[in-house]
Protein chains: 2
Amino acid sequence: MSRKVTIHDISTESGTSPSTVSRVLTGSAVVSEDKRKAVEEAIRKLNYRPSHIARSLKTRTTQSIGLLLNDITNPFYSAVARGAEDEANRHNFSLILCNTNEEAARELQYLHLLEDKQVDGIILGPTGKNISPVQDLAYRHPIVQIDRYLDSVEASIVKVDNEGGAYAATRLLIEKGHQRIAVLRWGKQITTMKERYEGYERALVEAGLPVDPALVVDVPALDIAQTMDMVRSVMTRPDRPTAVFALNNQIGSAAIGVIHQLRLQIPEDVALIVFDDLDYFTLIRPSISAVSQPAFEIGVQAVRLLMRQAQARGAPHSAEQIILPTELVIRESV
Amino acid sequence: MSRKVTIHDISTESGTSPSTVSRVLTGSAVVSEDKRKAVEEAIRKLNYRPSHIARSLKTRTTQSIGLLLNDITNPFYSAVARGAEDEANRHNFSLILCNTNEEAARELQYLHLLEDKQVDGIILGPTGKNISPVQDLAYRHPIVQIDRYLDSVEASIVKVDNEGGAYAATRLLIEKGHQRIAVLRWGKQITTMKERYEGYERALVEAGLPVDPALVVDVPALDIAQTMDMVRSVMTRPDRPTAVFALNNQIGSAAIGVIHQLRLQIPEDVALIVFDDLDYFTLIRPSISAVSQPAFEIGVQAVRLLMRQAQARGAPHSAEQIILPTELVIRESV
DNA sequence: ACATTCTATGAAATCGGTTTCATGCTATCC
DNA sequence: GGATAGCATGAAACCGATTTCATAGAATGT
């Protein structure tokens, strides 16, 4: 087993100094044509590949960014990841995948780990429970929050127009004649949920409809069985709502499951609209209307924003905020 | 902005040498009780966190593994990723996420990148198009293939019992009285598809049924629209099959879409079973039967296998093979 | 033609740890 | 009690790159 080829080997093979080899590697300074050729020849001959680690140690940059998500198996987040991966790759950066599972301790552990690994930036889909550590980190490193964000933390954000999307969805239901519209949410203190709920409420108020607390259902956890139970109890009440607005894809799926179980007809018995679109919504009958989010684009924009911030390091980095539009996709369920 | 705290700072603060600090850090040698206390105190006081990069440079180990997948948005792969992440975290390893998008060039680029980054191991869901580079890599580094594998390459594998799962599914359809069972596949040279097809064929042959080439549908690409077109053409033939077996979740979803479009009743007009289970299969009506794969567990096992191989480095590492069982989940669609 | 600036290059320091090696001290043995 | 082994420790080398700094030689200006 031959030892790994180092810059020193290239140096001797090409009859130059390591400094010169480094210069042709990074292009950081002018090197004469013949030396350059010699170095390039040696690199090819010995099949040399520079060590990222050694480089990182000196340059204090790792060409990597941390991607901290609550649940990579949630189609929304995996699309974000895909977008981020795509854009990162375009910049020759790689992603370190961290799954928090909505656990504060795990998020915190990862935040430290990523700092120890000296990632050049962090894309954070926050659990919402580590406010001050995130603030501290944001002070020292480029960090962009996606989807949700921590209200008091001064860090960049890439999100969608939750309020507007929810408003449009609710309005659609009202226009279709619905007066009793249930809203299903989870974690009402989370910014996404807050904003979506506000959009719902604004549409109701604007239309002069009452905001009935009985129609606002908070599911206790993102557990499909529990969520279905909650939804079932709403849907089996004597004064059942005529329309349901689920504020995320998981609750939406639970609602679909319950409605099917109860043998209710969509949209005759109950109309349905879900915040966040899933592939299968178009495949089933009736197809499900949704507020579609540009998840892939969120990932792309987050990486771009990070690149800009990393570039401008040293300069007082202002916390940017990117708000992407949602799209109301009207299908058979309304 | 205070400079980063280094091992040298701890050394002076605690009145010891860097060597001793390193020894308490790694626990690689005995240190007297009082020195240890002093070092630990200094670490706490200065809030010291060792640099992973510097450590990696010397130890030639990065505590990270590369995760190379074709499509992280495919629920199967994202579940694998989740499992891998979980297990890696348990071992204090982190994952570098690489999405190949089924592109050979991208896969190759990533294989090089991961080697340059000196990951301790690679989990590879291969495109199938980079046989000799993978073989070369496997010779130098721990690598485990998941799901698919490269036939000629000597590297460990974690996969499911594709043949057995497909056999069981086909058998079920036959037992339900179906004689004309279409099979939908993509990329027939890919090991998973080959094995699943073999299971299908074995079940037919065992039951004395003919293997009708007209019922074997190869979709040209994993594109939902194209796939739906192919499926539609089969389902609109005069001698339409009475049952359909889709060999992966994407083709399965396309099939569901087409069947709904054509207003065919499941399972009366056509029975359906899909290799690989998706969440929504239980939510819709009728619910869809599936061959369920332990995707999370594949990720977990892959990481464990990698850990073992990395441990045994130096010893001639034998290529292990782990075959996990599938589960036939019978729902309303048959 | 001589002083001065430029340019390409190599030597050496550096990044922040780990590990080998040498050493002084204490414990053990006959 | 003197020789030997064991043990904790620090000095220095090392991992593999980049970057600063010094310098020799070429190019430029007057």
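Every value quoted in this text rests on a predicted model; they were computed, and no experiment measured them. Residue numbers start from 1 in every chain, and the chains themselves are labelled A, B, ... in the order their sequence lines are given, proteins ahead of strands.
In this structure, the NZ atom of B/Lys4 is 9 Å from the C1' atom of C/dG16, given to the nearest Å. Between the NE2 atom of A/His52 and the C1' atom of D/dC15 there is a distance of 17 Å, given to the nearest Å. The CG-P distance, from A/Leu25 to D/dT18, rounds to 5 Å in whole Å. Rounded to whole Å, atom P of C/dG17 lies 12 Å from atom NE2 of B/His8. Rounded to whole angstrom, the span from the CZ atom of A/Arg36 across to the P atom of C/dT7 amounts to 16 Å. Atoms CD1 (A/Ile43) and P (D/dA17) sit 10 Å apart, rounded to a whole Å. Straight-line distance from the CD1 atom of B/Ile53 to the C1' atom of C/dT18: 16 Å, rounded to whole Å. Atom CD in A/Glu33 sits about 15 Å away from atom C1' in C/dT7, given to the nearest Å.
Of the candidates C/dA8, D/dG16, C/dG17, the closest approach to any side-chain atom of B/Arg55 belongs to C/dG17. Comparing C/dT18, D/dG16, D/dT9 by their nearest atom to the side chain of B/Thr20 picks out D/dT9. The side chain of B/Arg23 has C/dT20 as its nearest neighbour among C/dT20, C/dG10, C/dG16. For B/Arg60, counting side-chain heavy atoms from C-beta on, the closest listed nucleotide (D/dG16, D/dT9, C/dT19) is D/dG16.
Here the shortest heavy-atom pairing between B/Leu111 and B/Leu68 reads CD2-CD2, 3.4 Å. Of all non-hydrogen atoms in A/Val21 and A/Ser14, the two that sit nearest each other are CG2-OG, 4.5 Å.
Nucleic acid contact for A/Thr26: sugar-phosphate only, since backbone atoms but no base atoms lie under 4.0 Å from a heavy atom of the residue. Using a 4.0 Å heavy-atom criterion, one finds that A/Val31 contacts the sugar-phosphate atoms exclusively.
In the region residues 110-122 of chain A, proximity to DNA chain D at under 4.0 angstrom, judged on heavy atoms, holds for none of the residues.
Judged purely by atom type and a 3.5 angstrom limit, B/Asn70 has no side-chain atom pairing as donor or acceptor with the backbone of B/Asn101. Although no hydrogens or angles enter the test, the distance criterion places a donor-acceptor pair under 3.5 Å between the side chain of A/Glu85 and the main chain of B/Asn99.
With salt bridges taken as basic N to acidic carboxylate O contacts below 4.0 Å, one links B/Arg304 and B/Glu87. The pair B/Asp71-A/Arg82 counts as a salt bridge, with a side-chain nitrogen and a carboxylate oxygen less than 4.0 angstrom apart.
Place B/Leu57 and A/Lys58 on DNA chain D by their nearest nucleotides, and B/Leu57 ends up nearer the 5' end. Residue-to-nucleotide proximity on DNA chain D shows that, of B/Thr16 and A/Ser19, the 5′-proximal contact is made by B/Thr16.
A close approach under 4.0 Å does not occur between any side-chain nitrogen or oxygen of B/Ser51 and OP1 or OP2 of C/dG16. Side-chain nitrogen and oxygen atoms of A/Thr6 include none within less than 4.0 Å of the OP1 or OP2 phosphate oxygen of D/dG16. At least one side-chain nitrogen or oxygen of A/Ser32 sits closer than 4.0 Å to the OP1 or OP2 atom of C/dT9.
In this structure, A/Asp116 and B/Pro50 have side chains that are not in contact, with every pair of non-hydrogen atoms separated by 4.5 Å or more.
Around atom NE2 of A/His112, more than 12 heavy atoms belonging to other residues, nucleotides or ligands sit under 6.0 Å away.
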